[in-house]
Amino acid sequence: MMADDPIPTNDADPAGTTTAFDVAAAVRAGTVTAASLVERDLAAIAAREPELHAFNLVLADRARAEAAAVDALVAAGNDPGPLAGVTVALKDNMCTHGVLTTCSSKILEGWKPPYDATVVTRLRAAGAVVIGKTNLDEFAMGSSTENSAFGPTRNPHDPSRVPGGSSGGSAAAVAAGFSRVSLGSDTGGSIRQPAALCGVVGVKPTYGYVSRYGLVAFASSLDQIGPFTTTVADAALLLDVIGGHDPMDSTSIPQAQPSLLRAIEQDVEGLRVGRITDLPAGADDDVVERLELAFDALRDAGAKIVDVRVPAFSFGLTAYYLIAPAEASSNLARYDGVRYGLRIESPDTNAMYSATREAGFGEEVKRRIMLGTYALSAGYYDAYYGKALKVRRLIADDFDRAYQDADVLLTPASPSVAFPFGSKGDNPLAMYLCDVYTIPTNLAGHPGMSVPFGTGADGLPVGAQILAPALGEPQMFRAAAALERAMTKELAR
Ligand code: GLN
């Protein structure tokens, strides 16, 4: 069933993986059925999922039914939409109507949301097929997916290593060919860092670009949903579908966004690419080497490399670990055994709250709740939370100044390639440092993306991060497409 249905491959795709773009074109044209493509992905899942554990839940029957519905539309002469037959895996912190949504936490045990997240509604309306819910660090807190209550996800490139996190399952699913595309959430780097470690494209859009309605909140002022894909064009396609105003999210930007698919038709001639001269040190040599080649590639493609300074960049991590836990401590107060998931029966209500929270939350989540509660507590509020908000402002101001001279900035996405399991497990600070290059963007509310740019130590993927000002997605995608073209050329040599 799988091998009999060859579909055209995208020449721009170095790995030869079938893209969402090609799938949608073939399914819409009626040359391949969505049903056969779902079977192909389910076969890939059957072969490697036991080893990789990308999913908390594979929705085989639902996916088959959705694919059949897409095929029926095509057979009837209708257009299922721009993502016709494209399989998508959803990070398991996005609400799916009637389907378990766990956040990889024991505290949500048995919870089935009574509604779909807006992104899920939009994907389905565009003809996409939801194939499963992916593993994550509990409540999206972590950089390795080791904090999942259901066990870690493994990196498809080397199963002895982490896939990154917190959206490790979504990154691994796309890298392993379990689904054409996936969605993750990025609060401080949780899309871009796993994308880098798994060798796929990952995008954190401008805050408010994609609706957060139905995304289980971690730190509401930072959380954004975004795509994982094998190509830049697929990421553009996906964002064109899931982006745009949603009245259900009061922080959603109330204006239509220009097509990113259209944007990447334009090259980078004259685009100003900034090099942050005071970027915090700490990236491994192999990563720095690849980054230099990325600058060269953009210069060769016609971009202009300029030096910029973002002095407050290096304070990002510190500010984030006050602001994000503060918001988390408030958001996670709702899990008390009364309305959702787990309840540990106890003699009185207060005892029930604490027994439930003690049993339901993992160690890292408890650490964040304590950090956040402390940062917000009377007498410390100004010294910690209030100060962190001021630093956040400084970071945004510094970026704004840098973007007067540059259209986009280029940095590493992750300081290192994928690391072995357990290597940072007992050292929260070492884990937090994984996001040193991704966090400032979230604090500023700006977009960022990671594009695979070759390999570093042990042949493992390296990601180049492109940053842009608010709503700078079009130029960010243009730079990403240029890097992708350069990589295709490098691989052809
Ligand atoms: N790794 C960071 C953290 O643990 C970022 C997580 C995220 O973006 N969700 O908070």
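Just follow the structure's listing: the first ligand is 1, and inside any ligand the first atom is 1. If you read the sequence from its start, that first residue is 1, and numbering goes on from there.
- The atoms of ligand 1 that sit less than 4.0 Å from any heavy atom of S166 are 9 (N).
- Comment: D397 engages R393 in a salt bridge, judged by a side-chain N to carboxylate O separation of less than 4.0 angstrom.
- Between T438 and Q465, the side chains place no donor N or O within less than 3.5 Å of an acceptor N or O (distance only, hydrogens not considered).
- In this structure, R368 is part of the shell of residues with a heavy atom less than 4.0 angstrom from ligand 1.
- In summary, R124 and E66 engage in a salt bridge, as defined by a charged side-chain N under 4.0 Å from a carboxylate O.
- On a distance-only criterion, G142 and ligand 1 share at least one N/O pair closer than 3.5 Å.
- Only the side chain of D435 comes within 4.0 Å of ligand 1, counting heavy atoms alone; its backbone N, CA, C and O stay farther away.
- Not a single N or O atom of K91, backbone or side chain, sits closer than 3.5 Å to an N or O atom of ligand 1.
- Among G164, G188, P194, the residue whose heavy atom lies nearest to atom 8 (O) of ligand 1 is G188.
- For a threshold of 3.5 Å applied to N or O pairs, the pair formed by S190 and ligand 1 contains at least one separation below that value.
- Y432 has its ring centre no less than 6.0 Å from the ring centre of Y320.
- One finds a salt bridge joining E364 and R367 here, because a Lys/Arg side-chain nitrogen approaches an Asp/Glu carboxylate oxygen to under 4.0 Å.
- Checked against a 3.5 angstrom limit, the closest N/O atoms of F218 and ligand 1 fall outside it.
- For atom 5 (C) of ligand 1, the nearest non-hydrogen atom of the protein is Y320 OH, 3.3 Å.
- Judged by the shortest distance from any of its heavy atoms, S143 lies inside the 4.0 Å radius around the atoms of ligand 1.
- Looking only at distances, a side-chain donor or acceptor of R357 sits under 3.5 Å from a matching main-chain atom of Y335.
- Atom 3 (C) of ligand 1 has as its closest protein heavy atom Y321 OH, 3.3 Å.
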* Derivation and outcome, side chain to side chain contact (heavy atoms under 4.5 Å, CB included), residues D158 and D458 -> CA-CA 10 Å; D158 176 353; D458 302 312; 6.0 Å; no
Given side chain to side chain contact (heavy atoms under 4.5 Å, CB included), test V174 with T230 step by step and report yes or no.
CA-CA 7 Å; V174 171; T230 55; 3.8 Å; yes
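- Heavy-atom contacts of M141 reach the following atoms of ligand 1: 4 (O) (cutoff under 4.0 Å).
- Atoms of ligand 1 lying under 4.0 Å from any heavy atom of A140, numbered from 1 in the order shown and given with element: 6 (C), 7 (C), 9 (N).
- Using a cutoff of 4.0 Å between basic side-chain nitrogens and carboxylate oxygens, E292 and R275 are scored as salt-bridged.
- Contact annotation for Y432 and ligand 1: no heavy atom of the residue comes within less than 4.0 Å of the ligand.
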